[in-house]
Amino acid sequence: MDIFSGHILLNKYGERVDPEEALQNKIVGLYFSARWCSPCRDFTPVLCDFYAELVEESDPPAQFEIVFISSDKSPEDMVDYIHDMHGDWLALPFHDPYKHELKNKYKITALPKLVIVKQNGDVITDKGRKQIRDRGLSCFRTWLEVGDVFQNFTGK
């Protein structure tokens, strides 16, 4: 079963996206973050660059997607944060109570947190932020190997 089965995701423009289609055969980065969080505002541009190089500037694009799970104080704060700082990735709607289940499941106690998972929700690493900061794009190859989807990576 897919991690977001039965839920709707939103793109950067607020349009509904079918998660099963959008996340099919991809490594997924669950990005727990909020606009009010200073370390989040520090890491988000780094994550944007990582995502852009891996997905938007690669041919073919890497099999990777980010889903933002907001800890913002209001839906307006979440939307402003997405428009001001985020890349072209997906988000769980602000009022979806599933975000609380995800925070419990992945033991989120501090922000920001980037948990890298398989499409079914199995954890590849809960240290995505540290790995991106330390290793850059090379960490994606490791995630593919651990996630057993290495054949989808072109090596670019």
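These figures come from a predicted structure and were not determined experimentally. Along the sequence shown, residues are numbered consecutively beginning with 1.
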So [Y] and [X], do their side chains get closer than 4.5 Å, heavy atoms only?
X	Y	answer
Tyr31	Thr44	yes
Ile124	Val117	no
Glu65	Ile27	no
Ile69	Val67	yes
Leu9	Leu23	yes
Glu57	Glu53	yes
Phe68	Tyr81	yes
Ile116	Val123	no

Rounded to the nearest 0.5 Å, what separation is found between the [atom1] atom of [X] and the [atom2] atom of [Y]?
X	Y	atom1	atom2	value
Ile66	Cys48	CD1	SG	7.5 Å
Asp49	Leu54	CG	CG	12.0 Å
Ile3	Glu101	CD1	CD	10.5 Å
Tyr98	Leu92	OH	CG	8.5 Å

Do [X] and [Y] belong together in a cluster built from hydrophobic side chains that touch within less than 4.5 Å?
X	Y	value
Leu10	Val17	no
Phe43	Met85	yes
Val28	Ile8	no
Ile82	Val79	no

(message) Using side-chain contact (heavy atoms from CB on, under 4.5 Å), reason through Glu20 and Phe4 one step at a time and then give a plain yes or no.
(response) CA-CA 7 Å; Glu20 292 183 34; Phe4 289 101; over 6 Å; no
(request) Output yes when Asp42 and Arg129 qualify as a salt bridge under the 4.0 Å nitrogen-oxygen rule, no when they do not. (result)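 Salt bridge between Asp42 and Arg129, a charged N being under 4.0 Å from a carboxylate O: no.
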(message) One thing to verify: whether Asp77 and Lys73 come together as a salt bridge, which I'm taking to mean a side-chain N less than 4.0 angstrom from a carboxylate O.
(response)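 Salt bridge absent between Lys73 and Asp77.
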(message) Are Phe50 and Phe140, when compared by the centres of their aromatic rings, separated by less than 6.0 Å?
(response)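 Between Phe50 and Phe140, the centre distance exceeds or equals 6.0 Å.
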(request) Kindly say whether the aromatic ring centers of Trp89 and Tyr51 come within a distance under 6.0 Å. (result)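 For Trp89 and Tyr51, the ring centres are under 6.0 Å apart.
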(message) One pair to check against side-chain contact (heavy atoms from CB on, under 4.5 Å): Trp143 and Phe64. What are the steps and the verdict?
(response) CA-CA 10 Å; Trp143 300 342; Phe64 180 66; 3.9 Å; yes
(request) Using the ring of Phe94 (Phe, Tyr or Trp, six-membered ring only), decide whether Lys99 places NZ or CZ under 6.0 Å from its centre and within 45 degrees of its axis. (result)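 Lys99 over Phe94 ring: yes.
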For [X] and [Y], test the side chains for any donor-to-acceptor distance below 3.5 angstrom and give the result as yes or no.
X	Y	answer
Ser70	Arg35	no
Ser71	Lys103	yes
Asp2	Gln119	yes

(request) Any chance you could lay out the side-chain contact (heavy atoms from CB on, under 4.5 Å) test for Ile108 and Val115, step after step, and finish with the verdict? (result) CA-CA 9 Å; Ile108 305 305; Val115 180; 4.0 Å; yes
Distance-minimising heavy-atom pair for [X] and [Y]:
X	Y	value
His7	Pro19	O-CG, 3.1 Å
Leu111	Ser33	CD2-N, 3.9 Å
Ala22	Leu90	CB-CD1, 3.8 Å
Lys12	His86	NZ-O, 2.7 Å
Asn11	Glu15	ND2-OE1, 2.6 Å

(request) Using side chain to side chain contact (heavy atoms under 4.5 Å, CB included) as the criterion, point out the one residue from Gln131, Lys130, Lys127 that pairs with Cys139. (result)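 It is Gln131, the one option of Gln131, Lys130, Lys127 that forms the side chain to side chain contact (heavy atoms under 4.5 Å, CB included) with Cys139.
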(message) I need the single residue from Leu30, Leu47, Thr125, Asp126 that forms a side chain to side chain contact (heavy atoms under 4.5 Å, CB included) with Leu114. Which is it?
(response)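 When Leu30, Leu47, Thr125, Asp126 are each tested with Leu114, the side chain to side chain contact (heavy atoms under 4.5 Å, CB included) holds only for Leu47.
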(message) I'd like to know if the side chain of Lys113 reaches the main chain of Thr109, judged simply by a donor and an acceptor atom lying under 3.5 Å from each other, with no hydrogens or angles considered.
(response)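 Pair absent, no side-chain N/O of Lys113 close to backbone of Thr109.
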